[in-house]
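Read the structure below first, then the notes.
Every chain is numbered from 1, with letters handed out A, B, ... down the list of sequences. In this text the structure is predicted, and so the values were computed from the model without any measurement.
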Amino acid sequence: MKIQELIQNLGLKPLSRFEDRDISGVFISDMMSDAMANAKSGNLWITVQTHKSIIPAANLVDVAAVIITSGKTVPQDTVELADRHAIALLSTDQPTFDLIGKLYGLGIATS
Amino acid sequence: MTQCQHAWKMTNAQYGFTVFERCSHCHGVRTYYAAQDTWDEYREGGCTWSIVENAQTLRFDLECEKCQQQVDFKDLMGLMYCTSCMEDCEVECAQKALAPQKTWILAAFGFLPHAPETEISAARLEILTDYFNQRRDTSRSRVKILPFSLIKQVSLCHGELIHDIGMLSPEPFPERKPLF
Ligand SMILES: [Zn+2]
Ligand SMILES: [Zn+2]
């Protein structure tokens, strides 16, 4: 599945400009160091961490998109950095647990 | 013997803290890795060091899956993303030059205070670059890791260091203070 299709399927809100790409697997963490060690290329990174340093971390490990859950407000400087790096930054009011359930239902599981 | 086309993987990963401390007399800043977070203040010669920040971090080595060569990266404090904050900074110039090839630049930092012996060698930065590129879909984009010493003026740099500050606090994420 690609990012655009996922956005439509789950009613996610895109916050930045991005190039559409395939999604493979899910990575769940609020820590940059964890992402550096364990996130995989093409993953969806699900987090409540909104500080702008998530964008360089996401870019370093080549995740497909970052999804901010629980309706957390995303600071403008985070959005700007995502724009600059064409990282798909998405948000949703759904809590992480609910979102994971839906992703699982769509056949996107951790990898 | 043919040369190994190394396939790097992370090994000996340890989660700990980058401790930032400052002296109230000379205003020196130094950093080190610690397995536990501490907030102790202590004296050393004429200096009184107190901790200003504990950032959760990861330290690791790399190992080639083919030839088992190990490369130590325990002296890597972190990677900083160039945010193009200073014109004619060499890191920013490299970023501009490599942008058409979709290559993102990061600067590697050793622990503070900076000294020639805390620089991470070009050969090791190449290995680190290879490692992160091997984890990427390089048909889309790449990364390149340069030494922090190319930054024009570290004290004025607004690059984004990738580490976890304030993760132990239940309070909202505070705005980061400059680190240097
Ligand atoms: Zn090898
Ligand atoms: Zn001092």
In plain terms, say whether E92(B) and K96(B) are close enough for a salt bridge, that is, a side-chain N and a carboxylate O under 4.0 Å apart. yes
Where does I54(A) contact chain B at under 4.5 Å (heavy atoms): side chain, backbone, both or neither? neither
Of the backbone (N, CA, C, O) and the side chain (C-beta and beyond), which part of I145(B) lies under 4.5 Å from a heavy atom of chain A, both, or neither? neither
Are the charged groups of D20(A) and K2(A) less than 4.0 angstrom apart, N to O? no
Is R135(B) salt-bridged to D62(A), going by a charged N under 4.0 Å from an acidic O? no
Is the OH atom of Y42(B) crowded by more than 12 outside heavy atoms at less than 6.0 Å? yes
Under 4.5 Å from any heavy atom of chain B, what part of A35(A) do you find: side chain, backbone, both or neither? backbone
